[in-house]
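Please read these numbers as outputs of a predicted model, since none were measured by experiment.
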Amino acid sequence: MKLLKDIIYGVSILEIKGNTNIAIEKVTFDSREVQNLSLFIAIVGTQSDGHKFIKNAEDSGASAIVCEQLPKKLNDDITYIRVPDSSLAIGLIASNFYDNPSEKLDLIGITGTNGKTTCATLLYDLFRLLGYKTGLISTVNIRVLHKTYPSTHTTPDALRINEVLHEMVSHGCTHVFMEVSSHALDQNRTAGLTFKVGVFTNISRDHLDYHDSFDQYISCKKKLFDGLSNEGYAIINYDDKHGETMGEDSNAQILSYGLKDSTDFKCKVLENDISGLTVDIDGHEVTSRLVGRFNAYNLLTAYAVAKCLGQDELSILTILSSVKAPQGRFEYFVSDHKITAVIDYAHTPDALENVLKTIVDLRKGKEKIFTVFGCGGNRDKGKRPLMGEIASKFSDQIIITSDNPRNEDPESIIENIYSGVPIKHQEKVLTIKDRKEAISVACKMASSGDIILIAGKGHENYQIIGSETLQFDDMENAVEILKKLKK
């Protein structure tokens, strides 16, 4: 239990109606969760406006309400706090309510289009093996030491973030690695958090169903670095053409990394095959189980962060040589028939191209590349033809199928993807709406030595069709089909 006046400390306030010297036991933005001694925050969201539910919160026993517009009729038993931006206020309120947990941790935020999950997971494993108590907030899951919770978003809402960070502090965690999405930055979900390190991996087309333009997408990512203090570090991929932009207005110490130019942290790929990478990082040769040039960036990111946090470079590199990639990130299975199935979360044009280029580099002869993929419904439609064009450029056979069609017509999504395939490549394209059937056809068409990339879903063990969420796992289906295959 806390006093309302302490919970709203630091929040920009336009008006207060009522007493702030009252007890609060619960903070929520969901009116259905309101009970006695609750603070309800009315958020203007993308799907609904919390102001419409103020009356519900009042009727359920709310003691206080934070909102951008006061209701016409006020309840004398309730304290009303009018703020200019309730989405910004909730971050500060959540942090105060949970005793400002991010100030008691080394919190590392990782943003970018691709690589966030791999970098965050590598760092979680690295610091755990270095002997620290660590936490992880990622697309795949949330981990508090060895306890795992499912993830519903890449970056949770502000209340959930602070609740989890509070739990991590109570369990003695010292380092927490967190994916920070552009949606979260735009919606102020990270407001009130103190980041020790901000990391920029890369940026390419994604989420333009949500952002008005690519420039706005960039500016949202940049917010992470703009908010760092002069005691923090901004670790930025300078090989990305937008890298320098990220640090332009940051108060943090800027440190660069890359594979191309002269940077603070340097890496060179020496060998790359299906068994892993051999790289040179700052003059030290390291062999890793991770595959692909894009993973060289991820390894270098983990190394750079650990160095900034004062870790011994040889200890860092020794451990990095043993850790594996997260689930659904270039995860592969080789059948008895020597057919390789690669499962990868690649769901953007850039990610798909990176994975396919890696597979092309891994080929030793005339092995064929089969690519099975689709695009999510109710998401950026502009990337669909781009992904069709990329898949056709690097694949010998493409099967366009469903991903998570949601409330869109799967056939329409498939047509959008197909429209990007150049006429000269259209003969190598099949369209099969049912994802399991598409995987099965690819497996049956493949011969010994061939590689099948099943892209887009990675770690996801479900498929969203209409309003239904159905069990579906790319790896499980590929392994099952390949094991039953008779050649």
Problem set entry | Approximate separation, where rounding is to 0.5 Å, of Leu386 CG and Thr348 OG1 | 10.5 Å
Exercise. Do we see a donor-acceptor contact under 3.5 Å between the side chains of Thr201 and Asn237?
Worked result: no
For this session: State which residue, out of Val305, Leu300, Thr301, fulfils the side chain to side chain contact (heavy atoms under 4.5 Å, CB included) condition with Phe265.
Result: Leu300
Exercise. With distance as the sole test, does Thr190 use its side chain to make a donor-acceptor pair with the main-chain N or O of Leu193 at under 3.5 Å?
Worked result: no
Exercise. Checking Ser256 side chain against Asp264 main chain: does a donor-acceptor pair fall under 3.5 Å?
Worked result: yes
Exercise. Is there side-chain contact between Thr340 and Phe333, with at least one heavy-atom pair below 4.5 Å?
Worked result: no
Problem set entry | Test side chain to side chain contact (heavy atoms under 4.5 Å, CB included) applied to Arg329 and Thr117, step by step | CA-CA 9 Å; Arg329 271 62 179 177; Thr117 300; 3.1 Å; yes
For this session: Answer yes or no: is there a donor N or O on one side and an acceptor on the other, between the side chain of Lys116 and the main chain of Gly112, under 3.5 Å?
Result: yes
For this session: Assign the ring pair Phe330 / Tyr332 to parallel, tilted or perpendicular, where the plane angle (0 to 90°) is split at 30° and 60°.
Result: perpendicular
Problem set entry | NZ/Lys104: more than 12 non-hydrogen atoms of other groups inside 6.0 Å | yes
Problem set entry | Side-chain ion pair, Lys484 and Glu480, N-O less than 4.0 Å | yes
Seminar exercise, completed: On a heavy-atom basis, the closest approach of Ala302 and Leu126 is O-CD2, 4.1 Å
For residues 463-476, dump all side-chain donor-acceptor pairs below 3.5 Å to protein atoms at least two apart in sequence or in another chain.
unit_1: Gln463; atom_1: NE2; unit_2: Asp403; atom_2: O; d: 2.7
unit_1: Asp473; atom_1: OD1; unit_2: Met475; atom_2: N; d: 3.0
unit_1: Asp473; atom_1: OD1; unit_2: Glu476; atom_2: N; d: 2.8
unit_1: Asp474; atom_1: OD1; unit_2: Arg435; atom_2: NE; d: 2.9
unit_1: Asp474; atom_1: OD2; unit_2: Arg435; atom_2: NH2; d: 2.9

For this session: Could you tell me whether Arg363 and Asp396 have a side-chain N and a carboxylate O separated by less than 4.0 Å?
Result: yes
Exercise. So is Arg143 actually on top of Tyr149's ring, under 6.0 Å and inside 45° of the axis?
Worked result: no
Seminar exercise, completed: Rounded to the nearest 0.5 Å, the CD1 atom of Ile108 sits from the CG atom of Leu136 at a distance of 11.5 Å
Problem set entry | Contact check, side chains of Leu122 and Leu290, non-hydrogen atoms, under 4.5 Å | yes
For this session: Taking Gln426 for its side chain and Val421 for its backbone only, find out whether a donor-acceptor pair lies under 3.5 Å.
Result: yes
Exercise. Is atom NZ of Lys368 surrounded by more than 12 heavy atoms (other residues, nucleotides or ligands) closer than 6.0 Å?
Worked result: no
Problem set entry | Flag, side chain of His166 to backbone of Pro101, donor-acceptor distance under 3.5 Å | no
Problem set entry | Side-chain heavy atoms of His183 within contact of Arg189, under 4.5 Å | yes
Problem set entry | Stepwise side chain to side chain contact (heavy atoms under 4.5 Å, CB included) check, Ile339 with Ile452 | CA-CA 8 Å; Ile339 297 170; Ile452 303 167; 3.8 Å; yes
Problem set entry | Interatomic spacing from CD1 in Ile400 to CE in Met387 - rounded to 0.5 Å | 10.5 Å
Problem set entry | Cation over ring face, Lys457 and Tyr462, 6.0 Å, 45° | yes
For this session: Verify side-chain hydrogen bond (donor to acceptor under 3.5 Å, both in side chains) between Asn404 and Glu460, making sure each step is shown before the conclusion.
Result: CA-CA 10 Å; Asn404 292 320; Glu460 294 178 353; 3.1 Å; yes
For this session: Salt-bridge test for Asp380 and Lys383: reply yes if a basic N is under 4.0 Å from a carboxylate O, no otherwise.
Result: no
Problem set entry | Side-chain heavy-atom pair Leu309, Asp106 within 4.5 angstrom cut-off | yes
Exercise. Counting N and O atoms only, with roles assigned by atom type, does the side chain of Ser402 sit under 3.5 Å from a partner on the main chain of Pro410, one being a donor and the other an acceptor?
Worked result: no
Exercise. Has the side chain of Arg384 got a donor or acceptor atom that lies under 3.5 Å from a matching backbone atom of Ile413?
Worked result: no
Problem set entry | Heavy-atom side-chain contact between Ser335 and Leu485 under 4.5 Å | no
For this session: Could you tell me whether Lys266 atom NZ has more than 12 heavy atoms of other residues or ligands within 6.0 Å of it?
Result: yes
Exercise. Are the side chain of Arg128 and the backbone of Gly135 linked by a donor-acceptor contact shorter than 3.5 Å?
Worked result: no
For this session: Kindly indicate, with the supporting measurements, whether the criterion salt bridge (charged side-chain N to carboxylate O under 4.0 Å, His left out) is fulfilled by Arg160 and Asp157.
Result: CA-CA 5 Å; Arg160 180 60 177 152; Asp157 64 75; over 6 Å; no
Exercise. Considering only heavy atoms from C-beta outward, does the side chain of Asp240 approach that of Ile203 to under 4.5 Å?
Worked result: yes
Exercise. Taking the side chain from Ser419 and the backbone from Asn416, do they hold a donor-acceptor pair closer than 3.5 Å?
Worked result: yes
Exercise. Atom CG of Asn272 and atom OG1 of Thr278: how far apart are they, to the nearest 0.5 Å?
Worked result: 9.0 Å
For this session: Only pairs at least two apart or in different chains count here, so list each ring-ring contact (aromatic ring centres under 6.0 Å, His included) that has a residue in residues 349-387.
Result: none
For this session: Report yes if the side chains of Val286 and Leu299 come closer than 4.5 Å at any heavy-atom pair, otherwise no.
Result: no
Exercise. Can you tell me how far the CD atom of Glu163 sits from the CD atom of Glu167, to the nearest 0.5 Å?
Worked result: 7.5 Å
For this session: With rounding to the nearest 0.5 Å, note down the distance linking NE2 in His242 to CD1 in Ile236.
Result: 13.5 Å
For this session: Please answer whether the main-chain N or O of Ala191 pairs with a side-chain N or O of Asn188 as donor and acceptor at a distance below 3.5 Å.
Result: no
Seminar exercise, completed: Applied to residues 302-315, the side-chain hydrogen bond (donor to acceptor under 3.5 Å, both in side chains) test, sequence neighbours excluded, yields Tyr132-Gln311, Asp282-Tyr303, His284-Glu313, Tyr303-Glu313, Lys307-Glu313, Asp312-Ser315
